[in-house]
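Quick note: residue numbers are just sequence positions, from 1.
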Amino acid sequence: MNGSAHLCLAIASRRVEVESASQAVKGFLRRIGVDDDACWRTEAAVREAVANAIVHGNREDPGKQVGVAVELGGGRLVVRVHDEGPGWDGKRLADPRDTTRRLEPRGRGVFLMRHFMDEVVHDRRAGGGTTVTMSTRLQDPARPPRGAYDPEPREAGMTLTSRRHGDASVFEAVGKITIGAGAVRLREEVLAALEGGARNVVIDMGRVTAIDSSGIGALVSAYSATANGGGRLALCRVPPKVLEILHITQLSGVFELFPGEREAVAELA
C-alpha cells in the first residue's frame, strides 16, 4: 500500500456519537479501498474504543470531547482514540472468556479491540486522559486513496417486534444491537416479557446488521434472567459476523443456536 490518507474527528461525549464515529471511519475506509473484512474489524474496534472513551474516559461529561484519528500509510492502518477524562487503565482487564466471568454483562470491549487489531496500546497521559492506539497491517487496497471521504449513510435505530408462541416470547431484531438504545431496548423488553409470564425466549437475529460488546452484554443479561426464572433462551438465524463475535467471546457454547424460529420454538416447547 503505497498511498497515504488520514481522517480526524472530534465528537461529543454522548453515547449516540459512537455510531457517528463508527460510520465516519467506515466511510473513510471504504473510500480508500479497504476490503470489507478489514473494514468490519476496524469499525468494530473503533466502536469499542470510542464507547470506552465516552463512558469510562470522559464519563459522559458534555464538556469533554473524544478525538479519533485514522492514518493509513506504508501498508499499516493506525487508529488513535483519546479522551479528556481522568484516565482509565485498559491493561488490567480480566479475560471475559474465563468461566467465572463469561456471564458478566460487561468487560468485553477491550478484549474485542485486541482481537480485531494487531496491536492495542493504552497510554494514560500525565495531564489527564487516555490515548488508545490500535494498528493493523492491511493488504493493498482495491483502489488508491482519493480526496475527501464520504460518510456512510446512518442507519435507522434498531426495531424490535415480539410475538408469543405458547410460553415462549419470540423477538425479531432488525438493525444494530449496539451501545445505547438498541442494547437497552432488547434487554428491557426481554425482562418485561419474563415478568409478563413468558418462560422461554427466542431472539431472531436474521436481520441484525451489527452487534458490539454492549449488545453482547444485553444478550447475556437476557440469558441470565431467563435461566434464573427456570426457562431457556435461544438465538436463531444468527448472521456470520455476529456468530464470529459469539465464537470469539466463547458464548456460542452458552446460547442455544437454531437455523430458524420454528426449530427454536419446537425445541423449547
Among side-chain atoms of [X] and [Y], is any donor-acceptor pair under 3.5 angstrom?
{"X": "Arg47", "Y": "Ser22", "value": "yes"}
{"X": "Thr131", "Y": "Arg125", "value": "yes"}
{"X": "Glu60", "Y": "Ser13", "value": "no"}

Do the non-hydrogen side-chain atoms of [X] and [Y] ever get within less than 4.5 Å of each other?
{"X": "Gln250", "Y": "Arg97", "value": "yes"}
{"X": "Met117", "Y": "Thr136", "value": "yes"}
{"X": "Val120", "Y": "Val132", "value": "yes"}
{"X": "Thr133", "Y": "Asp123", "value": "no"}
{"X": "Val110", "Y": "His115", "value": "no"}
{"X": "Arg102", "Y": "Val254", "value": "yes"}
{"X": "Asn228", "Y": "Thr226", "value": "no"}
{"X": "Ser214", "Y": "Arg15", "value": "no"}

Give the table of side-chain donor-acceptor pairs shorter than 3.5 Å for residues 159-166, with sequence neighbours excluded, one pair per line with atom names and distance.
from	atom 1	to	atom 2	distance (Å)
Arg163	NE	Glu261	OE2	3.4
Arg163	NH2	Glu261	OE1	2.6
His165	NE2	Glu261	OE2	3.0

Hey, any chance [X] and [Y] share a hydrophobic cluster, counting ILVMFWY side chains that come within less than 4.5 Å of each other, even indirectly?
{"X": "Leu191", "Y": "Leu233", "result": "no"}
{"X": "Leu235", "Y": "Phe258", "result": "no"}
{"X": "Val190", "Y": "Val184", "result": "no"}

Looking at [atom1] of [X] and [atom2] of [Y], how far apart are the two atoms once the value is rounded to the nearest 0.5 Å?
{"X": "Ile177", "Y": "Ile216", "atom1": "CD1", "atom2": "CD1", "result": "8.5 Å"}
{"X": "Leu251", "Y": "Leu103", "atom1": "CG", "atom2": "CG", "result": "7.5 Å"}
{"X": "Thr178", "Y": "Leu186", "atom1": "OG1", "atom2": "CG", "result": "11.5 Å"}
{"X": "Asp204", "Y": "Phe171", "atom1": "CG", "atom2": "CZ", "result": "12.0 Å"}
{"X": "Arg106", "Y": "His56", "atom1": "CZ", "atom2": "NE2", "result": "8.5 Å"}
{"X": "Leu257", "Y": "Leu243", "atom1": "CG", "atom2": "CG", "result": "6.5 Å"}

Which residues, ordered by chain and number, are linked to Val265 in its hydrophobic cluster, where ILVMFWY side chains connect at heavy-atom gaps below 4.5 Å, directly or through other members?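 Direct or chained contacts put Val265 with Val170, Val202, Leu268.
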
Spell out, as yes or no, whether a donor-acceptor pair under 3.5 Å connects the side chain of Asp83 to the backbone of Asn58.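 A pair under 3.5 Å: no.
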
Quick one: does any side-chain atom of Thr249 pair with a main-chain N or O of Leu246 as donor and acceptor, under 3.5 Å?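 Side chain of Thr249 to backbone of Leu246: a pair is present.
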
Can you give me the closest heavy-atom contact between [X] and [Y], atom names plus distance?
{"X": "Met158", "Y": "Gly182", "answer": "CE-O, 3.5 Å"}
{"X": "Phe28", "Y": "His6", "answer": "CE1-O, 3.6 Å"}
{"X": "Ala51", "Y": "Ile179", "answer": "CB-CD1, 3.8 Å"}
{"X": "Ser213", "Y": "Glu48", "answer": "OG-OE1, 2.6 Å"}
{"X": "Gly57", "Y": "Pro86", "answer": "O-CD, 3.2 Å"}
{"X": "Ala53", "Y": "Val81", "answer": "CB-CG1, 4.0 Å"}

Holding to side chain to side chain contact (heavy atoms under 4.5 Å, CB included), I want the full list of residues that pass it with [X], two or more places apart in sequence or in another chain.
{"X": "Ala44", "value": "Phe116"}
{"X": "Arg14", "value": "Ala12, Val16, Glu17"}
{"X": "Arg199", "value": "Asp167"}
{"X": "Ser135", "value": "Arg76, Val78, Glu119"}

Does anything in residues 185-198 form a side chain to side chain donor-acceptor pair (under 3.5 Å)? List the pairs, not counting sequence neighbours.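 Residue pairs with at least one partner in residues 185-198: Arg185-Glu189.
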
Test salt bridge (charged side-chain N to carboxylate O under 4.0 Å, His left out) on Glu244 and Arg41; report intermediate values, then the result. CA-CA 11 Å; Glu244 182 174 344; Arg41 291 173 179 273; 2.7 Å; yes

Pairing residues for Phe255 by the ring pair (Phe, Tyr, Trp, His ring centres under 6.0 Å) criterion, not counting sequence neighbours: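 Partners of Phe255 under the ring pair (Phe, Tyr, Trp, His ring centres under 6.0 Å) test: Tyr223.
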
Walk me through whether Lys176 and Val208 qualify under side chain to side chain contact (heavy atoms under 4.5 Å, CB included). CA-CA 6 Å; Lys176 297 181 177 181; Val208 171; over 6 Å; no

Once salt bridge (charged side-chain N to carboxylate O under 4.0 Å, His left out) is applied, what residue pairs with a partner in [range] remain, sequence neighbours excluded?
{"range": "residues 209-230", "value": "none"}
{"range": "residues 63-73", "value": "Asp61-Lys64, Glu71-Arg80"}
{"range": "residues 245-258", "value": "Arg232-Glu256"}

Can you name the residues that form a side-chain hydrogen bond (donor to acceptor under 3.5 Å, both in side chains) with Glu104, not counting sequence neighbours?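 Not a single residue meets the side-chain hydrogen bond (donor to acceptor under 3.5 Å, both in side chains) criterion with Glu104.
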
Checking side chain to side chain contact (heavy atoms under 4.5 Å, CB included) for the pair Ile248/Leu112: CA distance, chi angles, key distance, verdict? CA-CA 8 Å; Ile248 292 166; Leu112 291 174; 4.1 Å; yes

Would Ile54 and Gln65 satisfy side chain to side chain contact (heavy atoms under 4.5 Å, CB included), going step by step from the backbone distance to the final call? CA-CA 8 Å; Ile54 290 173; Gln65 289 188 323; over 6 Å; no

Do Met134 and Val121 pass the side chain to side chain contact (heavy atoms under 4.5 Å, CB included) test, and can you show the C-alpha distance, the side-chain angles, and the key distance before you say yes or no? CA-CA 7 Å; Met134 306 180 291; Val121 177; over 6 Å; no

